[in-house]
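Only this structure's heavy atoms are used, side chains among them; waters, hydrogens and symmetry mates stay out.
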Protein chains: 2
Amino acid sequence: MINMAEEGDGARDGGRIPAPDQQVANFCQTRRARRTEIAEDYVELIADLIDSGGEARAVDIARRLGVSHATVIKTIGRLQRDGLVVSKPYRSIFLSDAGRRLAEWSRSRHDLVVKFLLAIGVSEETAHADAEGMEHHVSPETLAAFERHIQRQRSNG
Amino acid sequence: MINMAEEGDGARDGGRIPAPDQQVANFCQTRRARRTEIAEDYVELIADLIDSGGEARAVDIARRLGVSHATVIKTIGRLQRDGLVVSKPYRSIFLSDAGRRLAEWSRSRHDLVVKFLLAIGVSEETAHADAEGMEHHVSPETLAAFERHIQRQRSNG
DNA sequence: TGCAGGTTGTAGCCATGGCTACATTTGCTC
DNA sequence: GAGCAAATGTAGCCATGGCTACAACCTGCA
């Protein structure tokens with residue numbers, strides 16, 4: 001349980017409501033992240049499938065995501081429209097250069113989040129589960145803090 | 001049939017492709033969280049507005065979220081349908097018992113995530129921004145790890 | 001060679017979460 | 001008490017991300 005009766009840090013002195021402008025900015029940033037997380041999940045998964053099995057097929061993506069194949073086909077169409085993916089009818093799916101860059105970025109961020117969660121004592125299973133959702137909302141600054149923490153812990157034994 | 005060539009190509013420790021079943025579970029959990037995060041944002045914000053200003057009006061919510069008032073009205077309708085909110089036409093908005101419970105839970109989780117990010121050296125601004133998106137994907141286990149870390153740091157000076 | 005079954009694609013449905021434009025209601029001020 | 005500005009509500013549009021059902025395509029094997 002979490003004790004939210006914990007008062008007195010200066011972050012929300014006298015009324016916890018933040019400044020409206022800042023709050024708008026935060027929510028807008030979050031909405032922006034929400035719009036891109038599906039794309040990131042897809043390109044990351046496609047890259048993984050290609051690296052480990054040689055190709056990414058719609059049916060494999062569907063099985064991995066736990067989603068119908070029709071959903072995958074439609075989403076792949078959008079990704080292609082957005083220039084992240086290349087696919088020809090009835091052939092398997094490839095990443096464009098932009099898609100590959102995004103996949104590599106997503107993948108490294110994902111891995112760092114997992115490592116960080118493990119480093120602070122989260123179980124393997126939960127680390128992977130939580131990372132899947134968290135990764136899309138972790139800014140470079142926070143990512144850097146994660147990395148620092150891992151390094152610090154490593155050097156301290 | 002499904003020849004998951006699951007041999008570890010050593011890209012990462014033990015091959016980075018996870019077991020399919022676990023991956024499906026992770027993605028499903030993430031999708032579940034995505035469906036509830038808007039509701040959580042709303043009830044949290046409504047609770048904040050009520051606590052700090054006495055009432056929550058649609059126009060205030062809209063201004064805080066950076067969204068049109070029509071979007072807010074429609075969403076409030078869904079929240080009411082789902083039993084999280086009570087509102088009568090042309091009146092301000094209140095939380096049901098369930099809504100209040102959800103708001104308190106979301107709020108405490110939010111605050112803990114912010115505190116944790118600050119504790120590992122993230123700036124105030126980024127901590128608040130990232131927490132807004134991350135909070136919805138942090139499991140109780142990870143939250144507990146966050147709390148442990150804060151405690152540990154506090155006692156170590 | 002042909003066909004059965006798996007894979008891919010298409011069509012059409014639904015809910016969500018955005019938006020603009022317009023209509024209605026409220027409440028304050030004069 | 002009338003009028004006006006602000007708040008609320010309604011209608012209708014769009015894209016996204018789900019789904020099922022059905023159609024088309026490819027391929028391996030008998």
Distance-only check: which donor-acceptor pairs under 3.5 Å involve side-chain atoms of residues 134-145 of chain B, not counting sequence neighbours?
| unit_1 | atom_1 | unit_2 | atom_2 | d |
| --- | --- | --- | --- | --- |
| B:E135 | OE1 | B:H110 | ND1 | 3.2 |
| B:E135 | OE2 | B:H110 | ND1 | 3.1 |
| B:H136 | ND1 | B:E40 | OE1 | 2.6 |
| B:H136 | NE2 | B:D41 | OD1 | 2.9 |
| B:H136 | NE2 | B:E132 | O | 3.3 |
| B:H137 | NE2 | B:E37 | OE1 | 3.3 |
| B:S139 | OG | A:D130 | OD1 | 3.4 |
| B:S139 | OG | A:D130 | OD2 | 2.6 |
| B:S139 | OG | B:T142 | N | 3.3 |
| B:S139 | OG | B:T142 | OG1 | 3.4 |
| B:E141 | OE1 | A:S123 | OG | 3.3 |
| B:E141 | OE1 | A:T126 | OG1 | 2.4 |
| B:E141 | OE2 | A:S123 | N | 2.7 |
| B:E141 | OE2 | A:S123 | OG | 3.1 |
| B:T142 | OG1 | A:D130 | OD2 | 2.6 |

What's touching nucleotides 24-26 of chain D from the protein side, N or O pairs under 3.5 Å?
| unit_1 | atom_1 | unit_2 | atom_2 | d |
| --- | --- | --- | --- | --- |
| D:dC25 | O4' | A:Y90 | OH | 3.4 |

Nucleotide-resolved protein contact map, nucleotides 10-19 of chain D, B/S/- at heavy-atom distance under 4.0 Å: B-B---SBBB

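Under the rule for a side-chain hydrogen bond (donor to acceptor under 3.5 Å, both in side chains), the partners of A:H149 that lie at least two apart in sequence or sit in another chain are B:H149. In terms of the ring-ring contact (aromatic ring centres under 6.0 Å, His included) criterion, residue partners of B:F146 (sequence neighbours excluded) are, by chain and number, B:F116. Among residues two or more places apart in sequence or in another chain, the side-chain hydrogen bond (donor to acceptor under 3.5 Å, both in side chains) test is passed with B:D51 by B:R107. The side-chain hydrogen bond (donor to acceptor under 3.5 Å, both in side chains) search around B:T36 returns none, not counting sequence neighbours.
Protein atom CZ of A:R57 is 9 Å distant from nucleotide atom C1' of C:dG6, rounded to whole Å. Residue B:K88 contributes atom NZ, which lies 13 Å from atom P of D:dG9 at whole-angstrom precision.
The side-chain heavy atoms of B:E147 and B:L112, taken from C-beta on, include a pair separated by under 4.5 Å.
Hydrophobic cluster membership of A:V114, counting Ile, Leu, Val, Met, Phe, Trp and Tyr whose side-chain heavy atoms lie under 4.5 Å apart directly or via other members: A:L118.
Within the structure, salt bridge (charged side-chain N to carboxylate O under 4.0 Å, His left out) pairs that include any residue of residues 74-98 of chain B comprise B:D97-B:R100 (at least two apart or interchain).
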